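Here the structure comes first, spelled out in C-alpha cells, and everything after it is commentary.
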Amino acid sequence: MGVLNTTPDSFSDGGSYYREGALNLGLALARAEQMVGEGAAIIDIGGESTRPGAAPVGEQEELERVVPLVEAIVAQLDVVVSVDTSTPAVITAAASAGAGMINDVRALERPGALAAAAATGLPVCLMHMQGQPQTMQRAPHYDDVVGEVRAYLQQRMQACAAAGIARQRILLDPGFGFGKTDAHNLALLRELQSLAPAGVPLLAGLSRKSMIGRLLQREVDQRLPGSLALALLAAQRGVRILRVHDVAATADVLRCLALVEG
Ligand code: 8Y7
C-alpha cells in the first residue's frame with residue numbers, strides 16, 4: 001500500500017502536490033502512477049492529517065481533497081484506492097467515486113461511520129489509537145499494551161459484525177505511533193502474530209515514523225533503512241499489507257522474503 005498524502009501538512013510529503021495553495025490532480029496522479037509501477041497494489045489517500053498535533057479538517061475540505069483524486073486514479077490506473085478517513089460523508093462519497101477500501105485510524109468510532117462503511121460494502125481497516133491525534137503522544141499509558149490493543153481490535157470487529165460488516169471484509173492494524181511510546185511500539189512488533197484472530201489480515205504502517213527517528217536518531221529523510229527493516233520484520237510476523245512511502249524499496253525487500261520462503 002503506497003501512501004499518497006493530499007494534505008498540505010503531512011510530515012513526510014506534505015504539500016508536495018500543491019501548487020499555489022491548491023491540490024494539483026496531475027501531480028498527485030503522476031505520483032500514484034509511479035507507485036503502481038513500483039509495485040503498489042493499493043494507493044492510500046488521506047485528506048485529513050493524523051500526525052501528532054495536526055489540526056482537524058472540515059468535512060467539506062476533506063471531500064474536496066479526496067473525491068476528485070479517487071475519481072482520477074480509478075479512471076486512469078488499475079489499482080485499488082483506499083481512503084484514509086473517519087468521516088461518514090467521506091466514506092460514502094469515496095465509495096461512490098470508486099474507492100475499494102476504507103482505512104480508518106479511528107476504527108469507525110465516529111458517530112455514523114459504522115453505518116456509512118457498512119452501506120458501502122467495502123473492506124475496512126480498523127486501526128487502534130489511544131486518545132486523539134492532537135494529544136495522543138503526551139503520555140500514552142497501558143498496563144498491557146499487547147492485550148489492550150488485541151482486545152480493542154476484537155471489540156471493534158464485534159461492533160462491525162453488529163453493524164453488518166462481515167469478518168471477511170475486515171483488516172486490523174495495531175496503529176504504530178498512535179498513542180504509543182517506543183516501548184509500546186516494540187512490544188506490539190514482537191507480538192504482532194497474536195493481535196489478529198486467524199484469517200483476519202493485519203495491515204501495518206511503520207514507514208518513516210518518528211519511532212524510527214527516536215530509536216536510530218534519524219531525521220525523516222534518513223529513515224529508509226529503519227523503515228525497510230521494520231517492514232521485513234512485520235511481513236515475517238504475518239502482516240499482509242504494509243502502508244509505505246517508499247514502494248520500490250519495500251517491494252524489493254518483500255520479493256527477497258518471498259524468494260527465500262518459496
Ligand atoms: C497509519 C495510517 C497513518 C497506520 C493505518 C503516518 C493514515 C501517519 N499511519 N493508517 N495512517 N496505519 N492503517 O505516519 O499506521 O503515515 S498517518
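Because only heavy atoms are used, hydrogens play no part in the values below, and waters and symmetry mates are left out as well, while side chains stay in. In each ligand, atom 1 is the first atom listed, and ligand 1 is the first ligand listed. Keep in mind the model is a prediction, meaning the values are calculated, not measured.
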Is the distance from the ring center of His184 to that of Tyr142 below 6.0 Å? yes
Please indicate whether Arg240 has more than 12 foreign heavy atoms, meaning atoms of other residues, nucleotides or ligands, lying under 6.0 Å from its CZ. no
Select one of side chain, backbone, both or neither to describe which atoms of Val3 lie under 4.0 Å from any atom of ligand 1, heavy atoms only. neither
Give the numbers and elements of all ligand 1 atoms closer than 4.0 Å to a heavy atom of Asp84. 7 (C)
Arg31 versus Ser16, side-chain donor and acceptor atoms under 3.5 Å: no
Here the atoms of ligand 1 under 4.0 Å from any heavy atom belonging to Val105 are 2 (C), 7 (C), 10 (N), 11 (N)
Do any nitrogen or oxygen atoms of Asp173 lie less than 3.5 angstrom from nitrogen or oxygen atoms of ligand 1? yes
Does Arg243 form a side chain to side chain contact (heavy atoms under 4.5 Å, CB included) with Leu203? I'd like the steps, not just the answer. CA-CA 7 Å; Arg243 183 179 178 279; Leu203 187 155; 4.3 Å; yes
Atom 15 (O) of ligand 1: which of Met127, Met1, Arg243, Lys209 has the nearest heavy atom? Lys209
If we only count N/O pairs under 3.5 Å, is Asn103 in contact with ligand 1? yes
At what distance, to the nearest 0.5 angstrom, does CZ of Phe176 lie from CE of Met127? 10.5 Å
What atoms in ligand 1 come closer than 4.0 Å to a heavy atom of Leu203? 13 (N)
Sole candidate of Glu62, Glu48, Arg106 that passes side chain to side chain donor-acceptor pair (under 3.5 Å) when paired with Ser86: Arg106
